[in-house]
K.L.:
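Please read through the structure below; I'll follow up with questions.
From a predicted model like this one, the values you see are computed outputs, not experimental measurements. By convention in this document, chain letters (A, B, ...) are assigned in the order of the sequence lines, proteins followed by strands, and residues within each chain are numbered from 1.
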Amino acid sequence: MVEPLLSVRNLTATFERHGAPARVVNGISFDIAPGEAVGFVGESGCGKSVTARAILRLAPEGSSIAWGGHILFRGQDLLRLDDAAMTDIRGRHIAMVFQDPMSSLNPVMSVGAQIDDMLIRHAGLSRRAARRRAIELLDLVGIREPASRADDHPHQFSGGMRQRVLIAIAVSCQPALLIADEPTTALDVTVQAQILRLLMRLRRELGMALMLITHDFGVIAGMVERVHVMQHGAIVETGAVDPLFAAPRHAYTRALLAAVPRLDTTAGPA
Amino acid sequence: MIRMVAVRLLLTAPILLGVSIVAFVLMRALPGDFAQASAGTSTISAEALDTIRRSLGLDLPMWQQYLGWLGAALSGDLGVSFTLRTPVASEIFPRLAVTAELTLIAGLMAGLMGVTTGLLSARLRGMTDWVVRGWNSLLLAVPNFVIATLIVLLFGLYFPSVGIFNYVAFARDPSGNIASLLLPALSLALTVSVTVSENTRAAVLEVSSQDYVMVAKSKGLRPRAILRDYLVRNALTPVVTVTGLQLAALLGGSILIETIFTIPGMGQYLFDSIASRDYPAIQAIVLVASTIVLLMNVLVDIAYARVDARVSYD
Ligand SMILES: Nc1ncnc2c1ncn2[C@@H]1O[C@H](COP(=O)(O)OP(=O)(O)OP(=O)(O)O)[C@@H](O)[C@H]1O
Ligand SMILES: [Mg+2]
């Protein structure tokens, strides 16, 4: 077996709510191999986002959160890294795409500038070189006329286009791991499929590992090799997609599967 | 954008007309007139008063006086001061420069203090937040003329060497001039800084919890870049607006402050002119001041559009 890229051991996350701590992630362990695509499924509030953000040590503003356990990235424990070193990892080695493209872009910066700043920060490019690369990236994610669109501001883009821009930002430094936290939940059904195809294509072309979070089994099918099913801050079942779909062992997984209208055919018995 | 500015500028004309009519009528509604005011407490015959009034055209019907004034004003003639017998324009513009300077210094002080305290308060929270907010509530409870009076008392009693009433003309000694305006500007700025500070604080807090700030963190940008490009630039939009509008309010505040510190600006001029019922002077001051306030509003809108690309006025 290959050395895992990411190895999460016994991760806990606890919110300090007015003195009363609330543990929302309860000792989670999983591995992601280089280039592997792993899915995380679970109902709303089960701790998927908190887990994903813990990997980048991100917490919602104004909340106080404490993490426990280990998050080993290439053997290095991210939870024990100093802030500056962690900042170097973010975006450069591990990047993230968030749920709501409408609110994820800085409204007062052009979309090009929001790719530039990342390239200048991590790839050490000059402003002009960064813009050239930003235009290539916009082209890569399927934005038409990228050279002129780079100067546009987020409000001039539709939701699907904004998610493409956010994906371009996330992959701009060719991270080893891309975390996508419900990247299509806020989008129209037709656009959802396009965004998922884009993610799959980029993963292949850039050789990234993908951590895909969703509450929708339909999204996972055909996209990932392995799925972790989460409930109440813990992983309750893990397996390769098709066997898990065919014969879920855990009652909760069965309930989740039953709740999803089965549109796809790939999820049938293998 | 250019169209918006043109439209806004065109709209100022009817507003100015309205303001000038209101000022004209209100002035004459005040008890007494220039003839009586100039007589002071000495008794003066009714005939003498009438002669003065006739010589100034004050015996004409009010609409006729107004039209006369309007015609002259439109051709750029603001009239002749009753008291000084010199063209009002030659008196008003040097004083306007003084007030503008005072307002500008006060505006810079308020902006600097407000943005700094608001930013610290929102970013550091905790103790700093408490101190800043306590200080702000204290300042808010004290009107600027009280602050000015306190400053005068404080320096008058304990630091008489500072010389608070020694206004120095800019042409004579530029740095001395600025120094002589610092305390008056401070008493104007403190109250305004509260508005700027509270708005900055609220805006930064609001922006901090936006998704794009977490995205910025996930990109690995340095905290300083996030503060500058994501937090401050977004928080600036509402702050620019309130600061600009507050600058207009500063103009009003300067009437009292200039009087207290004996600074020969527009405020003091207005105060003196009202006391002596110098109608042409009052009329001109009101006109110039409202023009400035209106222009400032247009400038605020332009600044607003410059910092926030989403705002388009078309
Ligand atoms: N800022 C916060 N302060 C306190 N508790 C929080 C905070 N954010 C999330 N939680 C709690 O943590 C738990 C897990 O939240 P999380 O956002 O990870 O759920 P999720 O699985 O991503 O759900 P969804 O599918 O709705 O995104 C929830 O019970 C939630 O109430
Ligand atoms: Mg979530």
K.L.:
Identify which one of Met86(A), Glu61(A), Arg53(A) satisfies the side-chain contact (heavy atoms from CB on, under 4.5 Å) criterion when paired with Lys217(B).
P.N.:
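One option only clears the test, and that one is Glu61(A).
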
K.L.:
Please round to the nearest 0.5 Å and tell me the distance separating atom CG of Asp117(A) and atom CG of Leu221(B).
P.N.:
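Spacing of CG (Asp117(A)) from CG (Leu221(B)) equals 4.5 Å.
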
K.L.:
Using a 6.0 Å cut-off, check whether atom CD of Gln156(A) has over 12 heavy atoms from anything other than its own residue.
P.N.:
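Enclosed: over 12 neighbouring heavy atoms sit under 6.0 Å from CD of Gln156(A).
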
K.L.:
Out of Pro223(B), Ser208(B), Ala216(B), Ser209(B), which one racks up the most heavy-atom pairs below 4.5 Å with chain A?
P.N.:
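Maximum pair count with chain A is reached by Ser208(B).
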
K.L.:
Given that the side chain runs from C-beta out, which part of Ala170(A) has a heavy atom under 4.5 Å from chain B: side chain, backbone, both or neither?
P.N.:
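When you check distances to chain B, no heavy atom of Ala170(A) falls under 4.5 Å.
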
K.L.:
Going from CG on Asp211(B) to CG on Leu166(A), what distance comes out if it is rounded to the nearest 0.5 angstrom?
P.N.:
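Asp211(B) atom CG to Leu166(A) atom CG measures 10.0 Å (nearest 0.5 Å).
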
K.L.:
Who among Arg92(A), His122(A), Met96(A) has the most heavy-atom pairs with chain B under 4.5 Å?
P.N.:
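Of Arg92(A), His122(A), Met96(A), His122(A) has the most heavy-atom pairs under 4.5 Å with chain B.
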
K.L.:
Nearest 0.5 Å please: distance from the CG atom of Asp88(A) over to the CZ atom of Arg222(B).
P.N.:
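It comes to 6.5 Å.
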
K.L.:
If you compare all heavy atoms of Arg233(B) against all heavy atoms of Val108(A), which two are closest, and at what distance to 0.1 Å?
P.N.:
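What the structure gives for the nearest pair is NH2-O, 2.8 Å.
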
K.L.:
Counting heavy-atom pairs under 4.5 Å to chain B, which of Ile94(A), Leu105(A), Leu56(A), Asp83(A) comes out on top?
P.N.:
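The candidate making the most pairs under 4.5 Å is Leu105(A).
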
K.L.:
I'd like to verify something: which residue of Ala59(A), Gly91(A), Ser104(A) has the highest number of heavy-atom pairs under 4.5 Å with chain B?
P.N.:
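Maximum pair count with chain B is reached by Ser104(A).
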
K.L.:
Could you look at Ile120(A) and say if it's the side chain, the backbone, both or neither that has a heavy atom under 4.5 Å from chain B?
P.N.:
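For Ile120(A), no heavy atom lies under 4.5 Å from chain B.
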
K.L.:
For Arg57(A), is it the side chain, the backbone, both, or neither that has a heavy atom closer than 4.5 Å to a heavy atom of chain B?
P.N.:
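Neither the backbone nor the side chain of Arg57(A) comes within 4.5 Å of chain B.
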
K.L.:
For the CD atom of Gln114(A) and the OH atom of Tyr212(B), what is their distance to the nearest 0.5 Å?
P.N.:
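Between Gln114(A) CD and Tyr212(B) OH, I get 10.0 Å after rounding to 0.5 Å.
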
K.L.:
Under a 4.5 Å cut-off applied to non-hydrogen side-chain atoms, are Ser218(B) and Phe98(A) in contact?
P.N.:
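Yes, close enough: below the 4.5 Å cut-off.
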
